[in-house]
Structure formats: structure tokens, C-alpha cells
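Working notes, beginning with the structure itself.
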Amino acid sequence: MWDRFAASDPGLLRLTAGLRTVSAVALALVVLVPFGTEVTHMVAGAMTAMTATFAIKDTLVRDQAITLALGLPVALVATSLAALLASQVILGDLFFVALIFGAVYCRRFGERGTALGLIGFQIYFLSLFVGVSTSTLPSLCLALAAGFGCSAVVRFAVVPETPQRVLARLRDAFRTRVAQLVSIQIELLDAEPGQLEKVLDDLRRRTARLHETALMIQGRLEEGTQDADKAALLQRRIADAEIATERLGMLLLNARSAERADTLTLHLPHAPVPLTGDWRPAEDDATIALRRDLKALHLLVSRPASNDEGTAVAHIRNRLLGYRDEERLPPAPAGIQDAFRGIGEAARAVLGLRLALDGPQDESDDSPATTRSREEFDAEDIALASSEEPEEEERTGLQRPTTRAAFQVSVGSVLAIIGGELLSTQRWYWAVLTCWVVFLNTASTGEILVKGYRRLLGTLLGAVAGVVLAGLVGGRTWVAFALVLVFIFAMFFTAPLSYAVMSFFVTAMLSMLYTLLNAYSFDVLVLRIEETAIGAACGVIAAVLVLPVHTDRRTDELLGTVLDRLGDVASAAVEQLSGGPASDLLGKARGLDTALDELRESTNPLTYPITPLRGRRQTVRYLVALLETCAYHARALAATAELVPHSKSVAADPRLHRAGQRIAHNIEVLAAYVENERAEGEVRSGASIASTLRDNGSGNLPSGSVTFRVLRHLQRLDEGVVGLARPLDVPVAERAGSKAARG
């Protein structure tokens, strides 16, 4: 059960965020109560502890301490200015807008600038919320200082966090998710036809979760490892394990079908089950052995190296690695033999991951196949050299995202202040808060619109819950504080999952705060909804009118990046498979995955359920799914190409260079049309890559050759790239045979 929970929350990041924030708030209350602090300042101290905890995102502990130390004077200055400007309405509003501009502009200075800007804004807002004045300023400053102190105690003593600990938990989550994926692959082998669609849905979901964890590990590697070489090595091993496990699922799907499964459509929306015929689980010797070895692979994955005792695990490892040799494959149909090869490569990836994470292990029980795999890893480690990523061209002026966002949110805040004060001269700041929030972590007009809708929906539902809770709590102060703690934990635990759900808990928490401040009424919650709607509308208006970044333009930019990186991975992999120089293919593949994730995120406004453009939504979903399929086959090519320079049994094939030229050309044409609709060129389609290789006098390809291993991935990548031409409206060159037939 703990493994399942750890896999659902990789690195326990959400659990840690919730516990740390709740602990800081609770400790602040415990510290302030003995001094007879009034409820208003207790609320201020508790909310300050929450702000100081969630605002600081620095990775290193030393950097966290510096940012926290700088945050206290920023908070004191913000609340002092709020007290001094409380009676100066126009001047106070102008300063609030200037503060908002500065807080957003400071994001260009990294995590520390973002944190200090967020602290300044939140504390100024908090001061307005509790009604600060010059007479209450000293006691409020003491409450703020107590909040920062409690946040520091919790961060560095009660719930300490280091990059190494986070990375270690992420690695455990990755291991668990690999085991879960292998488990569902065993179900895939035995599933009845009526169960297959559900099993495939689980397979897709667990594959996506594994990919998510791999990307999270990538973001933590540099700070969580000793040096850059160690980080690069671990990244390669994680990518290798992810690709090998994902590929094993595809091979098992093929093994179930008398004909090869159409994995090209597997990622597409509403794709049919890619099997033909009324299949039933076979009970021949080969299938029984396949089922046995899948369970053995699951055992190998799920047991950490520290738990290996005796020779049983070594025996299993040796047997599975033996399937990398063609002569060790059992007599069976081609699809079943491919699945055994996939098990062998997955076992190799698990061995490499154990070596990278746990260092050298006992080699006394190694078989020749295991010894050869270790030698391949040693050769890779020697060849591995840290490569510097090319620096992207830095934008300046109004093209800089932080500068543009600062102007947008400032204009939106002016509109929100005007609209908010027309509704309420006392609680107008809720509109400003909503306008501020919808600009956080958004990069296009569509994203801002969707985020504003989600916040309004969550606020509306939270207000309904607040009415019920406020009636039940009544004047019970400590019950209200307890519910505040529960809602704060729920806010941070659900924030990465659903913004609407987080907004629900925010509003429910605010209903409790109003109850504590004796300011609760049904009219207040209705006003909260109205101010939220105005703030969201003002944010959207500002995003549309002030230096807009249209969703289409942003998605086109990211699509061009994905195509460029897809071309880099495919070309470099084919070059290495053809005998060319070795390169960091898995690093390139990880860059492709990152770019594809950014594209998927940017298309959310176009695929959101409420979008009125249904046809366009289907087109975008189809395009992204087809790119995911192409990325999968490109990753598989890269993983196989990584074996060639160091393998003693798999030799390069120069003919593959010619086979990859059409793919590279087509990707270049697609990228050119995305960048410029008036670009020239056509996507080439023709005979299958397999037929072009066989027609070259080679006959049937040997099953153990590198060409045989990558042929299916090359073919599917070629078909996928040609398939991208239709949703992108790129012309496709007709086949010569088709022209002749019409002639």
C-alpha cells in the first residue's frame, strides 16, 4: 500500500508540501496563543507562516535559508506601507499596482526573485485582509516575524528536505512505477478479449505515470547528485529503463496478435483495440515461459538491490539477460520471440539502473550474458562525457516573458481595482488577487482563460461548502482553526492535480477565516464570487489587449521545437545505427520528451471540454497523440542505437542511413510549414522501409541483426511523420505508381 501511495505521489512532493505548510501554520498558532494574541493577528501570523513556506522554492538548503532571511524584511516593509497608505485610497492603489508589477518582473531573477515578489504581494494583500493600521502595526509585525520563525523551524528541523532525499524518494517511486507497469503487462498477456480495452487503458495510464516520474527525476538530478557526470549517467539509465519497459508492452501486444498489432494508432484518441481475431490466452510452452519470465522481471524490478540475498535473484537476472542472445531464445512464433528479446533488454536496463544507483555489486554468480552486459555498461561509462546544452537566445525588452507578464498583470490589476471597488470599497482586493493568480504559470491568452474559469468554478463550489461549514462551526474558534489546517493541507496536496479543486479548498478555508474574524455572512461569500469573476475577466481582457501571446502562436512555436528535436533524435539514432559516431542519444530523447510535454500543456485550452470548436479540439488531440507515437518510436531507436557502439553481438548496418533520409526530409518539411505557411516542399511517401531494404538484394533480414530490431520502429516513425502532414495541411507527394495508374 505504501508503494502504491509513493508511486501516486512521486518523491512524496505533494505530501511534504502539505505537511510542511500545515505544520508551520499550526506551530505559529501554538506560539502566538500563550501571548494572548488577538484572533486577527493570529490569522495574520498563521497566513504569514503559510506564505513563507510555499513561496520559497530554492533547491539547496543554503539558498532556502538566504531567501527566507531576505523575505522577512520584505514582508515588514510591505505591511508597514500597507498601514501607512491605508487612509490614502488613490496612493495606496497606485502603490499596489507598482508592487504587483515589481513582483512579476522579479521572476526574471530566478527562484529567489519569484519568492520575494510573491512574499511582498501576499503580505500586502494579507495586511489589507486583516485591516492593518498604524496603531496595530507593531503587534502585527511581531506576528509576521513569528510566522517566518515558525516556517524556518518547520522547514529546517521538523520537516527537513534536501535534494538528495527528494531524489532518493523519486528513484523509489520510479522503481515502483516500473513494477506497476510490468504488472499490467502481465495482465495484458492473459486478458480476455472483453477485458482488453480496460487493460490497455491501464497500460497507457501507467506508462504516462512512469514518464512523469522520469521527467521529475531529470529536474532534480543536478542538485541531488554529486557531480554532472553522475547526473548524466543516472539520466541515461532512467531513460533506458523507461524506454525498455515501454517497448516491452508494445512487444507483448504484438505477441498477442496473429498479425502485428497496429501500434501506430495506439496513442490516438478513441483508437480501436489494435488486435484482430478472437484471441484466447495460449498455454503452449513458449507462452507459459513468457508468463513466468514476466513475473520474474517484476520480482527483479520490485526488489531493491539491498534486498538481494543468496543466488535466487542472480539466477533470475542471468536467465532474463540470456534472452539477449539469439541462441537462447525458445522456439516460438516471431512475435513471442520479440517479447523474450524485450524481456532481455528490460532486464539489462534494470541491471544498469542498479549499477548507477547502488554502485558495484557481487559478480560471483554472473553468467556470460550478465558479464557481457556489465562490460557494455563499463564501456558506456568510459565513453560518457558531460555535454553542455546549447544556450537558448535570451529575449530582451517586451519580448521577455516576465516583462510582458508584468505589464499585462498591472493593467489587469488596474481594471480589477476599478471593478472591485464598484462592488465593494472594503473587499475589492479579492478581484486583484484573482487577476494576479490567473497570470501565475501561464504563457498564453488561452491558458489564462482556462485558469480563470477553473478558479471561478472552484470558488463557486467552495462558497456553497463555506455556507454549510460556517453554519455548523458557529462560534467555535478552535474548530474553525482545525478546519483551516485541514483545508490548507488539501490545498497543497491537490494543487498539482487540479486547480479547480485547489480553488475549492481555498474558498472553504476563507469561509473559516471570515468566521474567525466575525465577518462571515452569506453576502460576503456572494461578494467573493463576484469579485473572483471580475478579477478573472480583467485578467483575460489584459491578456488579450496588452502584448498578447495568442495560443495559436505559442503552440506553433512549441510544435516547431518538438519537430526539430524529433528530427535530431531520429537523425542521430539512424546515423549511429549506420555506424556513425556515438552521441548522447538518450539525452536528446529526453529533450524531445520535455518539449512534447510543454506542447501538450500549451494545447490544454484548445482541448478543454468547454471549448466550442469541437472539430479543432479533435484535430489537436489527434496531432499531439500522433507526435507521442512518433516520440515513442524515436526513443526506441535511440535506445537501440545506444547499444551498437558497445555491443559485441549487434553490429551497425550502413544501409539504414539511406532508410532514414526520407524521415529526416519529411520532418524538415513539416517544421518549415509550421514556421512559415508559405514554405515550399512536399512530404514524401512511398514503399515501406522494409521493402526498400529487402529489395536491395538482402532477402529476409536476420532476426538478431540491428536492422531487424529497429525496422518496425523506423517503419512506424516514417508512417507517423507522414500522418502528421494531414492535420498540419502539408502537401504529400504522390507515389510514382499512383501517377502511372491514373495516366
Side-chain angles (χ1 to χ4, degrees), residues 55 57 74 77-78 81-82 85 89-125 128 392-422 428-456 499 531-558 598 601-602 604-605:
K57 302 293 185 183
V74 169
V77 170
L81 289 172
L85 298 174
V89 178
I90 297 179
L91 189 59
D93 290 347
L94 291 176
F95 175 76
F96 200 10
V97 173
L99 175 63
I100 291 170
F101 179 90
V104 177
Y105 186 79
C106 283
R107 296 180 196 171
R108 64 174 294 187
F109 300 111
E111 296 288 1
R112 181 165 298 156
T114 302
L116 295 179
L118 184 57
I119 289 172
F121 171 84
Q122 292 285 8
I123 297 303
Y124 192 89
F125 170 83
L128 297 177
E392 296 184 3
E393 182 180 353
E394 185 178 357
R395 298 181 180 182
T396 57
L398 296 179
Q399 294 299 318
R400 192 192 303 272
T402 51
T403 305
R404 181 176 60 245
F407 279 104
Q408 287 178 325
V409 73
S410 298
V411 172
S413 297
V414 171
L415 297 176
I417 289 174
I418 295 173
E421 289 192 340
L422 289 176
W428 54 269
Y429 43 76
W430 289 121
V432 181
L433 178 66
T434 300
C435 181
W436 157 277
V437 168
V438 297
F439 275 94
L440 293 176
N441 300 319
T442 53
S444 68
T445 304
E447 292 179 30
I448 292 171
L449 179 61
V450 169
K451 192 170 185 180
Y453 165 78
R454 288 172 172 170
R455 185 169 184 86
L456 182 59
Y499 186 72
E531 295 280 4
T532 299
I534 287 180
C538 292
V540 172
I541 292 172
V544 171
L545 299 180
V546 182
L547 305 174
V549 177
H550 299 296
T551 305
D552 288 346
R553 193 179 82 185
R554 173 163 171 77
T555 53
D556 284 347
E557 290 177 357
L558 294 175
E598 292 177 356
E601 186 71 21
S602 73
N604 279 341

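The first residue in the sequence is number 1, and the count goes up from there.
- The shortest distance between side-chain heavy atoms of Arg455 and Val437 falls below 4.5 Å.
- Legend: salt bridge (Lys or Arg N to Asp or Glu O under 4.0 Å) pairs involving residues 432-451, not counting sequence neighbours, sorted by first then second residue: Glu447-Arg554.
- You'll find the side chain of Tyr453 stays beyond 4.5 Å of the side chain of Val540, heavy atoms only.
- Judged by distance alone, the side chain of Thr434 and the main-chain N or O of Gly535 form no donor-acceptor pair under 3.5 Å.
- Of all heavy-atom pairs spanning Phe121 and Ala103, the tightest one is CB-CB, 4.5 Å.
- The CH2 atom of Trp430 sits 15.0 Å away from the SG atom of Cys435 when rounded to the nearest 0.5 Å.
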* Asked: Between Arg107 and Leu440, does a side chain to side chain contact (heavy atoms under 4.5 Å, CB included) hold up when you go through it step by step?
  -> CA-CA 10 Å; Arg107 296 180 196 171; Leu440 293 176; 2.8 Å; yes

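- Annotation: the span from Leu449 atom CG to Thr551 atom OG1 amounts to 8.5 Å, rounded to 0.5 Å.
- Closest approach of Val450 to Pro605, counting heavy atoms only: CG2-CA, 3.7 Å.
- Side-chain contact between Phe125 and Leu99: absent, with no pair of heavy atoms (C-beta onward) separated by less than 4.5 Å.
- Across all their heavy atoms, Ala55 and Ala115 have their closest contact at O-CB, 3.4 Å.
- Separating the CD1 atom in Ile123 from the CG atom in Leu128 is a distance of 11.5 Å, to the nearest 0.5 Å.
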Sequence neighbours excluded and cut-off under 3.5 Å, please list the side-chain donor-acceptor pairs for residues 405-419, or say none.
{"residue": "Gln408", "atom": "NE2", "partner": "Val546", "partner atom": "O", "Å": "2.8"}
{"residue": "Gln408", "atom": "NE2", "partner": "Leu547", "partner atom": "O", "Å": "3.1"}
{"residue": "Ser410", "atom": "OG", "partner": "Ala406", "partner atom": "O", "Å": "2.6"}
{"residue": "Ser413", "atom": "OG", "partner": "Val409", "partner atom": "O", "Å": "2.7"}

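- When every heavy atom of Ile448 is checked against every heavy atom of Ala543, the shortest pair comes out as CD1-CB, 3.5 Å.
- From Gln122, atom CD reaches atom CG of Leu433 across 6.5 Å, with rounding to the nearest 0.5 Å.
- Pairing each heavy atom of Phe439 with each of Ala542, the nearest pair is CZ-CB, 4.3 Å.
- Pairs engaging residues 407-422 under the salt bridge (Lys or Arg N to Asp or Glu O under 4.0 Å) rule: none recorded [sequence neighbours left out].
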In a table with atom names and distances, give each donor-acceptor pair under 3.5 Å that connects a side chain of residues 89-96 to protein atoms at least two apart or in another chain.
none

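- Residue Arg454 holds its CZ atom at 6.0 Å from CG of Asn604, rounded to the nearest 0.5 Å.
- In terms of heavy-atom proximity, Pro548 sits nearest to Thr445 at CB-OG1, 4.4 Å.
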* For the pair Ile100 and Tyr124, evaluate side chain to side chain contact (heavy atoms under 4.5 Å, CB included) and give the outcome as yes or no after the intermediate values. => CA-CA 10 Å; Ile100 291 170; Tyr124 192 89; over 6 Å; no

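- A distance of 7.5 Å separates CD1 of Ile534 from CG of Leu422, quoted to the nearest 0.5 Å.
- Every residue was checked against the side chain to side chain donor-acceptor pair (under 3.5 Å) condition with Trp436, not counting sequence neighbours, and none meets it.
- With sequence neighbours excluded, the residues satisfying side chain to side chain donor-acceptor pair (under 3.5 Å) with Asp552 are Arg616.
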